[in-house]
Amino acid sequence: MTAARDYEDMHHLVDRLSPRQVRRLRLLVTQDEELAQVAGAVSPEQPSEDEPVPEGLIALIGSIQGPADLAERHDDYLRERMERRFGNTE
């Protein structure tokens with residue numbers, strides 16, 4: 001059960017990082033001998049700057065606006081919205 005908890009903790013930690021911090025973490029991972037092998041297997045090559053961005057992605061970018069922690073706390077935000085709309089049913 002510890003491994004699952006560690007995984008969840010790391011997942012939440014990465015969700016809280018800024019883009020700059022994520023780039024720094026990726027750099028640290030790629031400099032570690034053991035972790036670099038895993039990182040290379042996940043994304044063996046970076047996309048070329050010349051590759052066009054898929055149309056679906058262009059439509060999605062910028063279309064979601066909300067608090068900075070929306071991805072992490074989406075359940076809380078939905079619950080709060082439902083309580084405002086329908087009242088607390090507990």
Side-chain angles (χ1 to χ4, degrees):
M1 196 74 154
T2 302
R5 182 180 170 124
D6 288 344
Y7 177 81
E8 281 296 315
D9 288 347
M10 287 302 296
H11 182 80
H12 289 295
L13 171 68
V14 172
D15 283 346
R16 291 185 179 123
L17 297 176
S18 69
R20 181 174 168 263
Q21 291 170 321
V22 170
R23 286 191 297 274
R24 183 168 181 217
L25 178 61
R26 184 165 196 71
L27 177 64
L28 293 171
V29 168
T30 57
Q31 291 175 345
D32 182 274
E33 185 176 320
E34 184 179 345
L35 297 176
Q37 294 173 1
V38 177
V42 171
S43 57
E45 61 184 58
Q46 296 295 326
S48 167
E49 294 292 326
D50 298 332
E51 288 183 28
V53 177
E55 272 187 47
L57 183 61
I58 291 174
L60 179 63
I61 294 174
S63 65
I64 299 173
Q65 295 179 359
D69 62 350
L70 180 62
E72 180 183 332
R73 293 195 52 226
H74 69 278
D75 288 339
D76 298 330
Y77 288 119
L78 287 173
R79 188 177 306 106
E80 290 169 8
R81 183 175 176 189
M82 296 296 278
E83 286 174 356
R84 280 195 310 269
R85 181 177 286 177
F86 301 110
N88 192 350
T89 59
E90 293 182 45

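The structure presented is a predicted model; accordingly, all values stated were derived computationally and were not measured.
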How long is the span from the CD atom in Q21 to the CZ atom in R24, to the nearest 0.5 Å? 8.5 Å
Are side-chain heavy atoms of E80 and Y77 found at a separation under 4.5 Å? yes
D76: what forms a side chain to side chain donor-acceptor pair (under 3.5 Å) with it, not counting sequence neighbours? R73, R79
Which residues pass the side-chain contact (heavy atoms from CB on, under 4.5 Å) test with Q31, sequence neighbours left out? L27, L28
Residue set satisfying side-chain contact (heavy atoms from CB on, under 4.5 Å) with L35, at least two apart, ordered chain then number -> V29, D32
Contacts of type side-chain contact (heavy atoms from CB on, under 4.5 Å), residue V22, not counting sequence neighbours: L17
Results of side-chain contact (heavy atoms from CB on, under 4.5 Å) for R20 - residues two or more places apart only: S18, R23
Quick one: side chain to side chain donor-acceptor pair (under 3.5 Å) partners of R16, sequence neighbours excluded? E72
